[in-house]
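No hydrogens, no waters, no symmetry mates; every other heavy atom, side chains included, goes into these values. Along the sequence shown, residues are numbered consecutively beginning with 1.
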Amino acid sequence: MRTQKADLLLMNVDFLDENWERVRGRDIVIRDGVIVEIRKHGDSETVYEANETVDGGEMLYLPGFIDSHMHTGQQLLRGRVLDAMPMIWKRIMLPFESTLNEEKMRLSAELAALDMIRSGTCGFIDAGSYFMDKAAEVYETSGLRGALSVSTMDEEGLPASIAMTAEEAIEKTDILFERFHGKGNLKVFYSLRSLISCSEDLIERAAIRAREKGTTLQAHMNEYPGEITPFLSRFQKRPYEFLDAKGILGPWFLGAHSLLLSEEEKDLMCDRQVRICHCPFSNCGKAVPETPSLLRRQIPVGIGTDGAAHGGLSLWNEMRIFRSVMNVTCGVPLAEPAIMPAKTILDMVTKGGAACLGEETGTIAVGKRADLIGIDLDAPHLWIHGVISNTLVESVSAEDVKNVIVGGRMLMKNREILTLDEEKIRREAQAFTKGV
């Protein structure tokens, strides 16, 4: 009998494999942030001396979710957007973001981190905002895996506090990259906040710099008709065609939203191996993505929340909304109610999210990174669960997430946040609310 060291031992647990099938009664051994062994509980060929052991109980483990598109800087806008559409970008979003300061961004990141951890989101992609160094400090402490960007726009007429030239925009991201890319679980992406708010100079500079740094370039893409017609009018090209003509599209490009796509753009995205993500609740006020046709082309697709201003940071909510929207718009016309199966949706928030984040595929297997969430099945709405993948999409919510592990580190155990001072953040949030 051998004795080995381990950082974390999940003992006698059930988990879902890469096909979302339940595997019962296993010990999962984690060392240096990686799953090093999965064995039947009770096998004793090797004894592990673990720094921490967690008993399975009524828990079911699955890969951690990844929010493929969120906005840290809009956390304090919660509840102020829903009935204010349309035209919220210049009436609400930009004026609010122009008032951000270091303290507001720090509080925003703390609230976002708590929200994500509590709902089982292990990784995220921030679409870009201001004072992102303060957000990065919070996220590093939180232990979450994520990518950060600076909001980059150089159009005329922006509020003075967020106005910048193309050179200044790139320089701000350069500084963030040097400080935080590869620090803890963080990455830094270059960003084009909105193509119509970026000059050709900025678009080209951001693309070149992202390639030089070996990182991702992300942009809001094809979200509104008003983001498409200017390119058709000026260049006789749709946005993805415009970027491709400049040599910008490739596996390094992430297109958020990507709702209003021509067949030619879809083919182009497939050929260039572009990654995209949808934000179901937010997108409902704009357009419905043609996701089945994108998946048939094997385009990697993730799911994002679009931030707290668009319905919160729970991917459980987004999955249910997405299933309903897909069924009504794509399934009903074909009399195919399972047009977007539960397992496909779960793939999108794990494997698709991992592709968007530029990480290895999110599965529970030996050699894979230990980003896991534990669902407490001891609740009336989960005592009977039938096909478990169906139940996850239909019935599980953020409140059912009990344990969260990122890189082998427990961020939440038995619903207690371990990496952030939740009570202190609550007091700060209450003080902010009273001062609004």
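- Although no hydrogens or angles enter the test, the distance criterion places a donor-acceptor pair under 3.5 Å between the side chain of Ser314 and the main chain of Trp316.
- Interatomic distance, CG of Leu192 versus OG1 of Thr152, reported as 5.0 Å (0.5 Å rounding).
- Counting only heavy atoms from C-beta outward, the side chains of Pro292 and Ile339 approach each other to under 4.5 Å.
- Defined by atom type and a distance below 3.5 Å, a donor-acceptor pair is present between the side-chain atoms of Tyr240 and Ser258.
- Residue pairs meeting the salt bridge (Lys or Arg N to Asp or Glu O under 4.0 Å) criterion with at least one member in residues 402-416, sequence neighbours excluded, are Glu52-Lys413.
- You'll find the side chain of Val288 stays beyond 4.5 Å of the side chain of Asn283, heavy atoms only.
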Go through the steps to decide whether Glu18 and Lys368 satisfy the test salt bridge (charged side-chain N to carboxylate O under 4.0 Å, His left out), and finish with yes or no. CA-CA 11 Å; Glu18 63 178 3; Lys368 295 294 186 180; over 6 Å; no
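- Atom CD1 in Ile417 sits 13.0 Å away from atom CD in Glu423 (nearest 0.5 Å).
- To the nearest 0.5 Å, the span separating CG on Leu372 from CD1 on Ile364 amounts to 5.0 Å.
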Report all side-chain donor-acceptor pairs from residues 121-128 shorter than 3.5 Å, counting only partners two or more places apart or in another chain.
{"residue": "Asp126", "atom": "OD1", "partner": "Gly128", "partner atom": "N", "Å": "2.6"}
{"residue": "Asp126", "atom": "OD2", "partner": "Thr72", "partner atom": "N", "Å": "2.8"}
{"residue": "Asp126", "atom": "OD2", "partner": "Thr72", "partner atom": "OG1", "Å": "2.5"}

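- Judged purely by atom type and a 3.5 angstrom limit, Arg238 uses its side chain to pair as donor or acceptor with the backbone of Leu260.
- Using a 4.5 Å heavy-atom threshold, the side chains of Leu243 and Met221 count as touching.
- Under a 3.5 Å cut-off, the side chain of His278 and the backbone N or O of Ile303 do not form any donor-acceptor pair.
- Proximity of a side-chain donor or acceptor of His257 to a complementary backbone N or O of His220 within less than 3.5 Å is not detected.
- Atom NZ of Lys286 sits about 13.0 Å away from atom CG of Asn222, to the nearest 0.5 Å.
- Side-chain atoms of Arg275 come within 3.5 Å of backbone N or O of Ala355 as a donor-acceptor pair.
- Within a 6.0 Å sphere centred on CD of Glu156, heavy atoms belonging to other residues, nucleotides or ligands number 12 at most.
- Remark: the backbone N or O of Lys104 is paired with a side-chain donor or acceptor of Asn101 at under 3.5 angstrom.
- Taking both residues in full, the closest heavy atoms of Ser142 and Ile117 are given as O-CD1, 4.2 Å, listed atom of the first, atom of the second, then distance.
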Could you walk me through whether Leu176 and Tyr190 pass the side chain to side chain contact (heavy atoms under 4.5 Å, CB included) test, one step at a time? CA-CA 10 Å; Leu176 188 70; Tyr190 284 76; over 6 Å; no
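- For CG of Leu334, the number of neighbouring non-hydrogen atoms (other residues, nucleotides, ligands) closer than 6.0 Å is greater than 12.
- When all heavy atoms of Leu382 and Ser395 are compared, the closest pair comes out as CD2-CB, 4.2 Å.
- Across all non-hydrogen atoms, the minimal contact from Ala342 to Asn390 is CB-OD1, 3.5 Å.
- Taking every heavy atom of both residues into account, Asn414 and Asn403 meet most closely at N-OD1, 2.9 Å.
- Other residues, nucleotides and ligands place more than 12 heavy atoms under 6.0 Å from the CD atom of Gln430.
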Yes or no on side chain to side chain contact (heavy atoms under 4.5 Å, CB included) for Asp378 and Trp383, after CA distance, side-chain angles and deciding distance? CA-CA 6 Å; Asp378 189 15; Trp383 288 338; 3.1 Å; yes
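- Considering OH of Tyr61 and CZ of Arg26, their distance stands at 16.0 Å, rounded to 0.5 Å.
- Proximity of Arg209 to Phe177: side-chain heavy atoms (C-beta onward) are nowhere separated by under 4.5 Å.
- In terms of modelled atom types and a separation under 3.5 Å, the side chain of Arg320 and the main chain of Val396 share a donor-acceptor contact.
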If you apply the rule salt bridge (charged side-chain N to carboxylate O under 4.0 Å, His left out), what do you find for Glu428 with Lys424, and how did you get there? CA-CA 6 Å; Glu428 292 172 349; Lys424 175 177 176 290; 2.6 Å; yes
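- Under the 30°/60° scheme for interplanar angles, the aromatic rings of His69 and His71 are found to stand perpendicular.
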Passes salt bridge (charged side-chain N to carboxylate O under 4.0 Å, His left out), Lys213 versus Glu178? Steps please. CA-CA 10 Å; Lys213 299 290 187 179; Glu178 294 305 319; 2.8 Å; yes
Evaluate Lys343 against Glu21 for salt bridge (charged side-chain N to carboxylate O under 4.0 Å, His left out), listing each step before the verdict. CA-CA 10 Å; Lys343 290 183 178 181; Glu21 298 296 332; 2.4 Å; yes
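- Between Arg179 and Glu137 there is a salt bridge, with a side-chain nitrogen of the basic residue lying less than 4.0 Å from a carboxylate oxygen of the acidic one.
- Heavy atoms from other residues, nucleotides or ligands lying under 6.0 Å from NZ of Lys266 number more than 12.
- With Thr305 as reference, Asp67 is the one residue of Asp67, Asp115, Asn317 to meet the side chain to side chain donor-acceptor pair (under 3.5 Å) rule.
- The backbone N or O of Leu346 sits less than 3.5 Å from a side-chain atom of Thr350, completing a donor-acceptor pair.
- Minimum interatomic distance between Met153 and Tyr130 (heavy atoms only, all atoms of both residues): CE-OH, 3.5 Å.
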Could you please spell out the steps behind the side chain to side chain contact (heavy atoms under 4.5 Å, CB included) verdict for Ile203 and Leu195? CA-CA 8 Å; Ile203 291 171; Leu195 290 191; 4.2 Å; yes
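- Judged purely by distance below 3.5 Å, without hydrogens or angles, the side chains of Ser397 and Glu399 pair a donor atom with an acceptor atom.
- Counting only distance, with no hydrogens or angles, the side chain of Asp371 and the backbone of Gly407 share a donor-acceptor pair below 3.5 Å.
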Do Phe15 and Ile38 pass the side chain to side chain contact (heavy atoms under 4.5 Å, CB included) test, and can you show the C-alpha distance, the side-chain angles, and the key distance before you say yes or no? CA-CA 10 Å; Phe15 72 94; Ile38 299 176; 3.8 Å; yes
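- Counted within 6.0 Å of CD on Glu336, heavy atoms from surrounding residues, nucleotides or ligands total more than 12; the atom is thus considered enclosed.
- A donor-acceptor contact shorter than 3.5 Å is absent between the side chain of Ser68 and the backbone of Gly302.
- Judged purely by distance below 3.5 Å, without hydrogens or angles, the side chains of Ser151 and Glu97 never pair a donor atom with an acceptor atom.
- Between Val301 and Ile276, the closest side-chain pair of non-hydrogen atoms falls below 4.5 Å.
- Among residues two or more places apart in sequence or in another chain, the side chain to side chain donor-acceptor pair (under 3.5 Å) test is passed with Arg118 by Glu422.
- A salt bridge links Arg297 with Glu263: the closest approach of a Lys/Arg side-chain nitrogen to an acidic carboxylate oxygen falls below 4.0 angstrom.
- Under a 4.0 Å N-O distance rule, the pair Arg323/Glu394 does not qualify as a salt bridge.
- Taking the charged nitrogens against the carboxylate oxygens, Arg205 and Asp154 have no contact shorter than 4.0 Å, which rules out a salt bridge.
- Here the CG atom belonging to Asp174 is positioned 11.5 Å from the NZ atom belonging to Lys172, to the nearest 0.5 angstrom.
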